[in-house]
Amino acid sequence: MRRFRLTTLAVTALSVAALGLAPGTASGAAACGALFDDFHYASHTDGLLARHGWQVRSGGGGPGVAGARWAPEGITFPTSDGDKVLQLASATDGTPAGTTQTEIMQPGRRFFEGTYAARIRFSDAPSSGPDGDRINQTFFTISPLRYDNDPIYSELDFSEYLPNGGWGEAGPVNFQTSWHTYTPDPWYAENKSDSQRRSVDGWHSVAATVSDGHVRYYIDGALVADHDRGGPFDVYPRQDMSLNVNQWFIDLTQHAGGTSTYLEQVDWVYYAKNEVLTPAVAAERAASYRASGVRFTDDLGGCWM
């Protein structure tokens with residue numbers, strides 16, 4: 001999840017045929033619990049959020065538009081298709097002061113190898129106001145950058161969806177990016193990135209497996225990227241990370257007037273630590289929790305860094 005994208009290494013897109021991964025363990029480590037959340041909360045002030053490890057971002061700072069505000073009130077939990085979902089609403093009137101961005105995260109750095117999965121609703125157009133803004137709708141893990149070109153910096157962008165483009169790209173485009181390191185100013189990046197230059201408007205399954213030196217990314221069960229240790233940059237994560245969803249504006253240069261509000265929704269999120277699953281099996285586990293009436297579970301426990 002980045003302010004700019006000037007990718008140093010672009011990886012050739014893979015076949016969309018998914019790998020037949022059998023359930024197993026990552027890098028030989030023992031399976032170590034799971035996190036599942038169906039997002040049954042009342043509001044961004046619901047005390048259960050903090051008790052379940054979530055933090056709603058507020059204040060300012062990057063990424064996105066300098067001077068914009070990260071708005072906790074933009075995090076809501078409406079009903080969609082008969083079930084509650086996490087909703088991120090970000091809006092702009094074309095000025096930094098009139099721009100709000102949204103982010104919710106599991107800040108505890110306990111996410112590394114294993115399987116990540118979520119059901120996400122991306123949006124090509126705003127729910128209200130004129131279209132055209134360069135919005136970024138995301139799902140990712142990240143560690144702090146301690147200093148320029150930090151050698152253990154780790155970040156995995158499972159999806160960065162730009163319905164109206166940005167970073168010199170015409171939209172719609174959906175990125176998967178694995179990071180080695182970067183320098184913010186002057187900008188320099190070492191990563192591997194793949195993309196799908198098509199609309200992903202609507203509900204989609206987003207999944208990734210991190211194991212044995214490979215980060216494999218899936219959209220709707222199809223393999224869309226496989227980033228390994230080869231080449232000039234080792235993009236396999238080197239430390240535990242936080243888990244994040246956010247929606248922010250790359251810039252305001254394409255705003256057409258009035259106020260525009262964009263929505264990103266998440267039905268559920270699932271993480272199996274140190275366990276490699278197919279996207280279908282991960283979705284089946286999420287469905288099993290829901291069928292059993294489990295809205296949240298977290299037994300990562302001793303898996304904390």
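Counting begins at 1 with the first residue of the sequence.
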Would you please say whether a donor-acceptor pair under 3.5 Å links the side chains of S199 and D201?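 Checked: S199/D201 side chains show no N/O donor-acceptor pair below 3.5 Å.
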
Hey, are S195 and R197 close enough side-chain-wise for a donor-acceptor pair under 3.5 Å?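 Looking only at side-chain atoms, S195 and R197 do form a donor-acceptor pair, the distance falling under 3.5 Å.
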
The test is side-chain contact (heavy atoms from CB on, under 4.5 Å); show your working for F249 and S90 and say whether it passes. CA-CA 8 Å; F249 294 91; S90 301; 3.9 Å; yes

Decide yes or no for H180 and Y153: does some side-chain heavy atom of the first lie under 4.5 Å from some side-chain heavy atom of the second?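 No, every pair of side-chain atoms sits at 4.5 Å or beyond.
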
Could you please spell out the steps behind the ring pair (Phe, Tyr, Trp, His ring centres under 6.0 Å) verdict for H227 and Y217? CA-CA 9 Å; H227 299 162; Y217 298 89; 5.3 Å; yes

N/O donor-acceptor pair under 3.5 Å between Q239 side chain and I152 backbone: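 At least one qualifying donor-acceptor pair exists.
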
So that I can tick it off, tell me whether [Y] and [X] are bridged by a salt bridge, with the cut-off set at under 4.0 angstrom between side-chain N and carboxylate O.
X: R285; Y: E275; value: yes
X: R110; Y: D298; value: yes
X: K84; Y: D267; value: no

Name of the residue among W187, F233, Y147 meeting ring pair (Phe, Tyr, Trp, His ring centres under 6.0 Å) with Y182: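 Testing Y182 for a ring pair (Phe, Tyr, Trp, His ring centres under 6.0 Å) against W187, F233, Y147 leaves exactly one candidate, W187.
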
Between Y262 and V56, is there a shared hydrophobic cluster once you connect ILVMFWY residues whose side-chain heavy atoms come closer than 4.5 Å?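 As far as the 4.5 Å side-chain criterion goes, V56 and Y262 are not connected within one cluster.
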
For the CZ atom on R295, are there more than 12 heavy atoms of other groups (residues, nucleotides or ligands in this structure) within a distance under 6.0 Å?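 No, the 6.0 Å shell around CZ holds no more than 12 heavy atoms from other groups.
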
